[in-house]
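Just below is one structure, and these are the notes that go with it.
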Amino acid sequence: MEEKAKKKLTVKGLLKALLVVLLILVILSLIIIFGGKGNKNDIAIIRGESGTKSLVVYFSQADVVDLDKTDAVSSASMRTDNSRNVYGNTEYVARLFQQATGADLYSIQTSRLYYESYPLTAYRAFWEELFNTRPKLIGLPDDLDQYDTIYIGFPVWWFNAPMPIGSFFEEYDVSGKTIVPFCTNQGSGVDSGYELLKDECDGATVAEGFNGNNTDLNEVTNWLKSQGYIND
């Protein structure tokens, strides 16, 4: 009898220990998934050429972390331009699009920060993708009425556009506009984000996209000319 009682106590102890471990894992997961709160209050559209009808919108991990800039999910961490300014990969390509088109420029900012660590950001992105969540954004433009063409840039996360891209387009009616995607990635192409964009950009034309790995201004400009977005 005593031996049976001891076994029962041992089993109960193991179950309690497993429950404690499970609870700790759940709490840690929730902390990772939700992240810390962002505190940027200087988010604004960077104006391009006067009278432009185009807007370059991008989402980059480098713009939504708390520490050093990094965009590790989308290939190498950073890019440096001719003036020695350092940008995350996606922002770098976005600025090439702005330079080539004269468009306005806007960075999507989430209310809760992502992580400098690749594994932590990948973990959070996995759950956002799995449950098709829409992270809350801050500093959104009042409207997009003045734009006919919106270039949308993103790193590929879990074979899709990051969920903040969906959050952004949920805020606006973009019917009648042309949506032009471009991406940075480690193998998956810009097609990875088409379904999300088509779902969220109802009534808009989602055009052929551009893969921006290790690109430069000449390549971006030539591609835009070949698609008819800018003239020779």
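Heavy-atom minimum distance, T110 versus P135: CG2-CB, 4.3 Å. The nearest pair of heavy atoms linking T52 to D104 is CG2-OD1, 3.4 Å. When every heavy atom of Y194 is checked against every heavy atom of P181, the shortest pair comes out as CE2-CG, 3.6 Å. Heavy-atom minimum distance, A103 versus Q98: O-CG, 3.0 Å. When all heavy atoms of R112 and R124 are compared, the closest pair comes out as O-NH2, 3.3 Å. Closest of all the heavy-atom pairs between T184 and T90 is OG1-OG1, 3.0 Å.
Looking at K177, its side chain does come within 3.5 Å of a backbone N or O of Y147 through a donor-acceptor pair. In this structure, Y87 contributes its side chain and R95 its backbone to no donor-acceptor pair below 3.5 Å. A donor-acceptor pair under 3.5 Å is absent between the side-chain atoms of T205 and the main chain of A207, judged by distance alone. The closest donor-acceptor contact from the side chain of E128 to the backbone of T133 lies at 3.5 Å or more, if one exists at all. Under the 3.5 Å distance criterion, the side-chain polar atoms of Q109 are left unmatched by any main-chain donor or acceptor of I43.
Here C201 contributes atom SG and E170 contributes atom CD; the two are 10.5 Å apart, rounded to the nearest 0.5 Å. In this structure, I152 CD1 and I165 CD1 are separated by 3.5 Å, a value rounded to the nearest 0.5 Å. Rounded to the nearest 0.5 angstrom, D63 CG and S107 OG are separated by 3.5 Å. Here the CD atom belonging to Q146 is positioned 7.0 Å from the NZ atom belonging to K53, to the nearest 0.5 angstrom. A distance of 5.5 Å separates CH2 in W157 from CD in Q61, rounded to the nearest 0.5 Å. Here the CZ atom belonging to F210 is positioned 9.5 Å from the OG atom belonging to S226, to the nearest 0.5 angstrom.
Judged as a salt bridge (Lys or Arg N to Asp or Glu O under 4.0 Å), not a single pair has a partner in residues 138-158 (not counting sequence neighbours).
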Quiz prompt | Test salt bridge (Lys or Arg N to Asp or Glu O under 4.0 Å) applied to R134 and E200, step by step | solution = CA-CA 11 Å; R134 295 292 182 268; E200 299 298 344; 2.7 Å; yes

Exercise. Apply side chain to side chain contact (heavy atoms under 4.5 Å, CB included) to the pair I230 and T221, showing each step before the final yes or no.
Key: CA-CA 8 Å; I230 58 176; T221 301; 3.8 Å; yes

Quiz item: When you look at V65 and L113, which way does the side chain to side chain contact (heavy atoms under 4.5 Å, CB included) test go after all the steps?
Solution: CA-CA 5 Å; V65 298; L113 299 172; 6.0 Å; no

Self-check item: From CA spacing to verdict: side chain to side chain contact (heavy atoms under 4.5 Å, CB included), F182, V93
Solution: CA-CA 8 Å; F182 61 91; V93 180; 3.7 Å; yes

Quiz item: Can L105 and Y58 be said to form a side chain to side chain contact (heavy atoms under 4.5 Å, CB included), step by step?
Solution: CA-CA 8 Å; L105 180 70; Y58 72 93; 3.9 Å; yes

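Between Y151 and F97, the ring planes lie tilted relative to each other; the angle falls in the 30° to 60° range. In this structure, Y172 and F168 have tilted ring planes: the angle between them lies in the 30° to 60° band.
For the pair L224/V220, a side-chain contact is recorded, criterion being any heavy-atom separation below 4.5 Å from C-beta on. Side-chain contact check for L130 versus W127: some heavy-atom pair is nearer than 4.5 Å. Counting heavy atoms from C-beta outward, V57 and I150 have side chains that approach closer than 4.5 Å. In this structure the side chain of P162 reaches within 4.5 angstrom of the side chain of P155, judged on heavy atoms. Within the 4.5 Å cutoff, side-chain heavy atoms of F169 are placed close to those of V174.
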